[in-house]
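Worksheet: the structure to be examined is printed underneath.
To find a chain, count down the sequence lines: A is the first, B the second, and so on, and within it residues start at 1.
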Amino acid sequence: MLLELKNLMVSYKTREGRVLAVDKVSLPVEEKKTLGLVGESGCGKSTLGGAILGILPRETKITGKAIFNGTDLISMPSKELRFIRGKDISMIFQDPMTSLNPVMKLRDHFLETIFTHTKTSKEDAIAMAEQALKEVGISSNRLNDYPFQLSGGMRQRVMIALSLVLNPKLVIADEPTTSLDVIVQAQILQLLKGLQEKFKMAMILITHDLGVVAEAADDIGVMYGGHLVEYAPKFKLYKDPLHPYTKDLLASVPNTNIDDKELRFITGYPPNLMNPPQGCRYAERCSKAKEICKQKIPPDFYTDDGRLVKCWLYGEGEGK
Amino acid sequence: MMLKVKNLVKHFPIRQSFVKTMLTGEKKVVHAVNNISFNIEERQTLGLVGESGSGKTTTGRLVLRLIEPTAGSIVYRGMDITALKKEPLRKLRKEIQIIFQDPLAALNPYMKVGDAVRHPLDIHGIGNREERHDMVLDMLSRVNLEPASDFVKRYPRELSGGQRQRVVIARALITRPKFVVADEAVAMLDVSVRSQLLDLMLKLKEEFNLTYLFITHDLATTKYICDRIAVMYLGTIVETGSFEEIYKDPAHPYTKALISAVPEPDPETKKKKMIPAGEVPNAVDLPSGCFFHPRCPFAMDKCKVEEPPEIELSETRMVKCHLFDR
Ligand SMILES: Nc1ncnc2c1ncn2[C@@H]1O[C@H](COP(=O)(O)OP(=O)(O)O)[C@@H](O)[C@H]1O
Ligand SMILES: Nc1ncnc2c1ncn2[C@@H]1O[C@H](COP(=O)(O)OP(=O)(O)O)[C@@H](O)[C@H]1O
Ligand code: SF4
Ligand code: SF4
Ligand SMILES: [Mg+2]
Ligand SMILES: [Mg+2]
């Protein structure tokens with residue numbers, strides 16, 4: 001196992017109070033595998049990624065463990081974490097324009113990343129940058145360009161090249177295709193998948209769209225209201241979703257089947273994490289809700305074949 | 001007929017130094033829309049589909065008369081509005097409205113929801129104070145922002161993305177338009193919220209007898225809302241047909257690519273991916289022949305030199321591609 005989250009909890013401090021964005025999440029990320037992390041906006045996906053990388057605001061409270069290659073990242077002093085972040089673990093964001101510096105040439109983005117983490121000669125660093133660009137299908141004479149000279153799809157390719165240039169073991173891609181058109185999205189997903197296999201990295205692919213990870217992921221984690229509500233190998237999850245939220249979310253994804261023109265969606269809105277409901281976070285929108293659901297948060301139940309599902313339909317559990 | 005667009009062209013000038021113009025003797029332009037024609041029947045929805053840069057937004061803005069066409073004509077309910085000016089144009093604005101992609105950018109952050117939705121009524125001088133207030137409350141509950149009396153007092157930042165888009169829709173519909181251009185109206189929202197909004201748009205269409213021009217880069221969303229589809233590439237319409245025809249049997253290689261790129265929520269799907277390489281080229285120096293030829297897996301020699309004609313496959317179906325030459 002490359003990374004293991006154990007009871008990870010993250011709460012933000014705001015003027016109005018604490019926001020419990022990630023609540024006791026435990027899950028594994030296997031070496032060379034892709035974990036698809038899925039859920040609606042505001043369910044805590046980016047927070048989870050940010051906690052692993054140690055890039056959340058300082059006053060954020062993080063408890064639990066994130067054990068990466070045997071060491072816990074959460075308790076690691078930020079000085080040491082700096083060596084891991086950007087090198088062993090790198091990040092790709094939704095909007096490359098905000099993570100690329102508009103007044104820096106591509107060349108300098110690469111040099112900065114490389115020099116921060118390694119002792120490399122300028123010559124070698126440039127060679128590394130050229131190679132990384134080649135991997136994502138961009139000609140090396142683009143190194144002198146500024147980010148604005150590239151299209152959205154090209155900028156995302158550059159972000160990918162930057163995240164790969166130091167051979168990370170884990171890449172966290174946070175909605176990398178959400179702002180792209182379908183065709184470019186498909187290109188980028190194919191590219192990511194190919195590079196992951198080639199460089200034998202693990203990846204956490206964050207998205208709100210179960211369609212996007214259907215091909216690229218190996219395992220899927222579904223989040224709702226700060227909880228991990230289901231975790232399963234991909235084929236099992238799509239074929240036989242267990243959690244009511246997973247079922248509803250899956251049903252709401254448009255497909256190209258012409259005979260299926262029914263619009264399915266989940267009514268209502270996700271809970272306010274400043275003041276989360278007492279019981280199951282999904283109870284208010286769930287068609288299967290029982291009495292206990294509104295009173296007690298369901299524990300993580302495990303099925304016989306090792307799937308996790310956080311729902312009272314799957315066990316009587318403790319303290320009934 | 002609600003709308004008849006004929007041979008519409010829009011070029012944008014690009015900034016270029018005077019010296020360069022002198023030397024090359026040519027003034028370069030962006031060919032955003034290149035001679036397109038389409039009709040929309042009353043109470044129907046036409047889906048305008050294509051990647052970024054294909055000219056969809058420009059087409060929408062032309063139809064709304066927010067920008068001047070370079071050539072061509074736009075006929076709205078029998079009236080030629082291509083060259084409409086000032087007062088009649090102002091009146092027209094009441095009848096033709098737009099819903100933008102990004103609700104956060106479309107709404108003034110310092111304006112309460114109630115004021116934003118009322119704004120068009122103020123502009124067009126519709127109703128007195130009280131009537132306006134009632135109309136706003138009514139419209140907010142029609143877009144399911146309830147209790148409406150609570151939502152009028154909120155600011156955009158206090159709302160979710162889906163709720164903000166509902167506000168934008170309420171504002172667009174408050175003057176009771178007949179024709180609405182929805183420009184990527186659901187693109188920025190979560191998938192699960194997208195279906196919710198599409199459902200709302202369908203409901204409102206029935207309630208207000210609306211006609212939509214539904215602009216999107218995602219063919220999958222057109223399935224639920226569009227009667228007909230026009231596929232656009234680099235400022236030209238490359239295929240039109242009923243929604244069923246295009247979905248069942250896409251003719252143009254670009255349409256095929258758009259359908260195959262839709263991410264299916266099923267890892268066992270046997271769909272063959274046909275993803276063209278590269279991106280839409282810039283619209284300044286257009287490719288020769290068929291505009292799609294540099295990316296087309298079926299391109300023939302003829303495609304590089306000869307612009308394909310518009311070929312009628314059936315009464316309702318047009319494709320612009322040499323594969324269908326007779
Ligand atoms: N810097 C922050 N300060 C306070 N609250 C935040 C901050 N970032 C995110 N949140 C809140 O935490 C919750 C989870 O957000 P996020 O992790 O961004 O979700 P997702 O990525 O799934 O959309 C949301 O309720 C969001 O409003
Ligand atoms: N105001 C403008 N000035 C110059 N070029 C423009 C302007 N608006 C759009 N364009 C260009 O016209 C082409 C079509 O753009 P647009 O209509 O926005 O396409 P779409 O909505 O399909 O993405 C693009 O190449 C775009 O850069
Ligand atoms: S615990 Fe209850 S409310 Fe929550 S998802 Fe399961 S059945 Fe629904
Ligand atoms: S005309 Fe030729 S290049 Fe254009 S789409 Fe048809 S086959 Fe492809
Ligand atoms: Mg996020
Ligand atoms: Mg547009």
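- Nearest heavy-atom pair across Ala214(A) and Pro267(B) is O-CB, 3.3 Å.
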Worked verdict on Ile258(A) versus Phe243(B) for side-chain contact (heavy atoms from CB on, under 4.5 Å): CA-CA 9 Å; Ile258(A) 183 164; Phe243(B) 150 78; 4.2 Å; yes
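- Smallest separation of non-hydrogen atoms from Val212(A) and Pro263(B): N-CB, 4.0 Å.
- For a residue to count as touching a neighbouring chain, one of its non-hydrogen atoms must lie under 4.5 Å from one of that chain's; by this rule Ala277(B) touches chain A with the backbone only.
- In this structure, CG in Leu263(A) is found 6.0 Å from CG in Leu202(B), a value given to the nearest 0.5 Å.
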Which atom pairs, one donor and one acceptor, sit under 3.5 Å between chain A and chain B?
from      : atom 1 : to        : atom 2 : distance (Å)
Glu40(A)  : OE2    : Ser192(B) : OG     : 3.2
Ser41(A)  : N      : Asp190(B) : OD2    : 2.5
Ser41(A)  : OG     : Asp190(B) : OD1    : 3.0
Ser41(A)  : OG     : Asp190(B) : OD2    : 3.4
Ser151(A) : OG     : Glu279(B) : OE1    : 2.6
Ser151(A) : OG     : Glu279(B) : OE2    : 3.0
Met154(A) : N      : Glu279(B) : OE2    : 3.4
Asp181(A) : OD1    : Ser52(B)  : OG     : 3.4
Asp181(A) : OD2    : Ser52(B)  : N      : 2.3
Asp181(A) : OD2    : Ser52(B)  : OG     : 3.3
Gln187(A) : NE2    : Pro276(B) : O      : 2.7
Gln187(A) : NE2    : Gly278(B) : O      : 2.9
His208(A) : ND1    : Val191(B) : N      : 3.1
Ser252(A) : O      : Ser195(B) : OG     : 3.2
Asn255(A) : O      : Lys223(B) : NZ     : 2.9
Asn255(A) : OD1    : Lys223(B) : NZ     : 2.7
Thr256(A) : N      : Glu264(B) : OE2    : 3.3
Thr256(A) : OG1    : Glu264(B) : OE2    : 2.3
Asn257(A) : O      : Lys223(B) : NZ     : 2.9
Asp260(A) : O      : Lys223(B) : NZ     : 2.9
Arg264(A) : O      : Ser195(B) : OG     : 3.4
Ile266(A) : O      : Gln196(B) : NE2    : 2.4

Run the side-chain contact (heavy atoms from CB on, under 4.5 Å) check on Val182(A) and Leu219(B) step by step: do they pass? CA-CA 9 Å; Val182(A) 273; Leu219(B) 245 172; over 6 Å; no
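- The contact between Leu189(B) and chain A is made entirely by backbone atoms, counting heavy-atom distances below 4.5 Å.
- If you measure heavy-atom distances from Ile275(B) to chain A, the contacts under 4.5 Å come from the side chain alone.
- Contacts of Leu249(A) with chain B are made by side-chain atoms alone, with heavy-atom separations under 4.5 Å and no backbone atom involved.
- Proximity to chain B is absent for every atom of Leu237(A), based on heavy atoms less than 4.5 angstrom apart.
- At a threshold of 4.5 Å between non-hydrogen side-chain atoms, the residues Pro254(A) and Val262(B) do not count as touching.
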